[in-house]
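Notes follow the structure.
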Amino acid sequence: MTAPSLPRARARAAILMTSAALLLTGCGTSVAATSDDTNGGEAVTVENCGREVVVDGIPEAAVGMHPAQTELLLRLGQADRLAGQAQAAAQALPDDIADLAADVPTIGDVMPPSREDLLSVEPDFVYSPTTYEFTAEQGFASIEQLEQADAAVYVAAGGCKERRMTGEVADLFVDLENLGVIFGVEEAAAELIADGEAELAEIAAAVADVEKLRVAQVYVDGTTLQGIGAGVEYDILRSAGAESVFTPDQPAFAGFFAATISPESLATEEPDALVFAVYDDAHEAATREYLTTTFPDMPAVREGRMVAVSSADVFPGTLGNIKIVRQIAEELYPEAF
């Protein structure tokens, strides 16, 4: 995926894409009942993407710029403080919390909302997976424009421009800690962090002694083949116990986490397994057909080690990152679980 193709790729990926305690499937996390208001309504300052984000009291009109961010706010008990949920058509909220967002206005369909649509809900806090959602050239509200409208802007740590190439699954915990402070729900945030860390530790222990498989992470768009070799996507493979065919120190991934590759170059690598992101069932079927027909002699295809993950779950700063670490590990090393 070359840098100029990012808007199209994000558009394709986006298509994928009671206050009682409710279990989160696969992560054992829950929904916080209410805000603790532990910040006392005072101004809070956190470091984010090289900026100081100042939040003047607990936000009352927050917007999650992707369902994954909306989910985190809901799990922290902030349903009553949501003024909007963006890109809601890109990914369904988990069943256990979907009803909490039933009355929250949706903006942006499968793409980030326009400047006008976002500003129309008068947000005082905007939480996004990456800085792309604030690209003014795409018609989105820039960070500066939102700040001028008295909205604090927070970007998932792994989605910051300077962090995008080196992001890790654990960056999610930085976000949760900051959100806990901002919304005065430190205890609820600490519980989510503890659950996530325990999940990753359990997976790491399970795959500690496996013979690592060489895995190529790819994305297929029609007949265009892209390799993924950096960012949180790379760390997801590493956390699942895989040896990635594509790595951040390779020239192709020096400036961007993905790069267009030739079928011949992938075939030469002879990966033991393939991991690929898909945005719906039709895309998965098309990707599997392309890979099986193009690489019938590849070990990954011959052995049936082809793992499809939701493209929404590879966005930085999502609980889905942890979910697919487990999914990939279990499909690569079923005997370890």
Side-chain angles (χ1 to χ4, degrees), residues 1-17 132 164-167 210-316 321 324-325 327-334:
M1 187 183 308
T2 59
S5 71
L6 179 57
R8 182 182 67 169
R10 287 295 306 274
R12 307 254 322 162
I15 293 175
L16 257 166
M17 297 218 293
Y132 171 75
R164 187 64 183 92
M165 293 291 292
T166 57
V210 300
E211 183 176 347
K212 291 184 182 296
L213 296 173
R214 293 184 69 251
V215 181
Q217 189 170 183
V218 298
Y219 184 81
V220 177
D221 185 4
T223 57
T224 300
L225 180 63
Q226 299 160 334
I228 313 295
V232 68
E233 296 87 347
Y234 171 78
D235 191 57
I236 286 169
L237 280 192
R238 185 196 63 79
S239 300
E243 177 187 337
S244 181
V245 167
F246 305 120
T247 62
D249 58 358
Q250 295 172 355
F253 306 103
F256 198 59
F257 68 92
T260 299
I261 59 176
S262 69
E264 293 77 15
S265 65
L266 180 59
T268 299
E269 293 290 347
E270 297 189 325
D272 299 312
L274 293 167
V275 171
F276 50 94
V278 298
Y279 53 81
D280 61 17
D281 291 343
H283 185 211
E284 177 177 351
T287 298
R288 287 188 182 278
E289 181 178 1
Y290 171 82
L291 294 173
T292 54
T293 57
T294 306
F295 307 105
D297 298 323
M298 182 179 289
V301 175
R302 288 202 316 265
E303 300 298 325
R305 296 195 190 100
M306 301 169 63
V307 183
V309 299
S310 167
S311 62
D313 288 334
V314 297
F315 276 56
N321 292 169
I324 62 174
V325 168
Q327 177 195 346
I328 293 169
E330 288 183 345
E331 293 197 39
L332 294 182
Y333 311 111

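A side chain to side chain contact (heavy atoms under 4.5 Å, CB included) with Ile236 is found for exactly one of Asp313, Ile228, Val309, Ile328, namely Ile328.
Legend: residues meeting side-chain contact (heavy atoms from CB on, under 4.5 Å) with Ala230, ordered by chain and number and at least two apart, are Met165, Pro248, Phe257. Evaluation of the ring-ring contact (aromatic ring centres under 6.0 Å, His included) rule for Phe253 yields Phe246 as partners, not counting sequence neighbours. Contacts of Glu331 classified as salt bridge (Lys or Arg N to Asp or Glu O under 4.0 Å), with partners at least two apart in sequence or in another chain: none. Partners of Ser265 by side-chain hydrogen bond (donor to acceptor under 3.5 Å, both in side chains), not counting sequence neighbours, listed by chain and number: Ser262.
Nearest approach of Pro271 to Val245, heavy atoms of both residues: CB-CG2, 4.1 Å. Between Ala242 and Val215, the shortest heavy-atom contact is CB-CG2, 3.6 Å. Considering every non-hydrogen atom in both Ser244 and Thr247, the closest pair reads O-CG2, 3.6 Å. Closest of all the heavy-atom pairs between Ala259 and Ala252 is CB-O, 3.6 Å. For Leu332 against Ala273, the heavy-atom pair with the smallest separation is CD2-CB, 3.5 Å. Scanning all heavy atoms of the two residues, the minimum distance from Val220 to His283 falls at O-NE2, 2.8 Å.
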- Task: Run the numbers on Phe276 and Arg288 for side-chain contact (heavy atoms from CB on, under 4.5 Å), then give the verdict.
- Result: CA-CA 9 Å; Phe276 50 94; Arg288 287 188 182 278; 3.8 Å; yes
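Pairs of residues two or more places apart, or lying in two chains, that qualify as salt bridge (Lys or Arg N to Asp or Glu O under 4.0 Å) and include a residue from residues 262-271 are Arg214-Glu269. Listed by first then second residue, pairs satisfying salt bridge (Lys or Arg N to Asp or Glu O under 4.0 Å) with a partner in residues 226-240 read Arg164-Glu233, Asp235-Arg238, not counting sequence neighbours.
In terms of modelled atom types and a separation under 3.5 Å, the side chain of Thr294 and the main chain of Leu291 share no donor-acceptor contact. A donor-acceptor contact shorter than 3.5 Å is absent between the side chain of Tyr219 and the backbone of Ala258. A donor-acceptor contact shorter than 3.5 Å links the side chain of Asn321 to the backbone of Phe315.
Distance CG/Leu274 to CG/Leu213: 11.5 Å, rounded to 0.5 Å. Atom OG1 of residue Thr260 and atom CG of residue Leu225 lie 8.5 Å apart, to the nearest 0.5 angstrom. Note that OG of Ser310 and CG of Asp280 are 10.0 Å apart. Values are rounded to the nearest 0.5 Å.
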Under 3.5 Å, side-chain donor or acceptor atoms of residues 298-308 against the rest of the protein: list the pairs with distances, not counting sequence neighbours.
unit_1: Arg302; atom_1: NH1; unit_2: Asp297; atom_2: O; d: 2.4
unit_1: Arg305; atom_1: NH1; unit_2: Asp272; atom_2: O; d: 3.4

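Within 6.0 Å of CD on Gln250 lie more than 12 heavy atoms contributed by other residues, nucleotides or ligands. A 6.0 Å sphere centred on CG of Asp249 holds more than 12 heavy atoms belonging to other residues, nucleotides or ligands.
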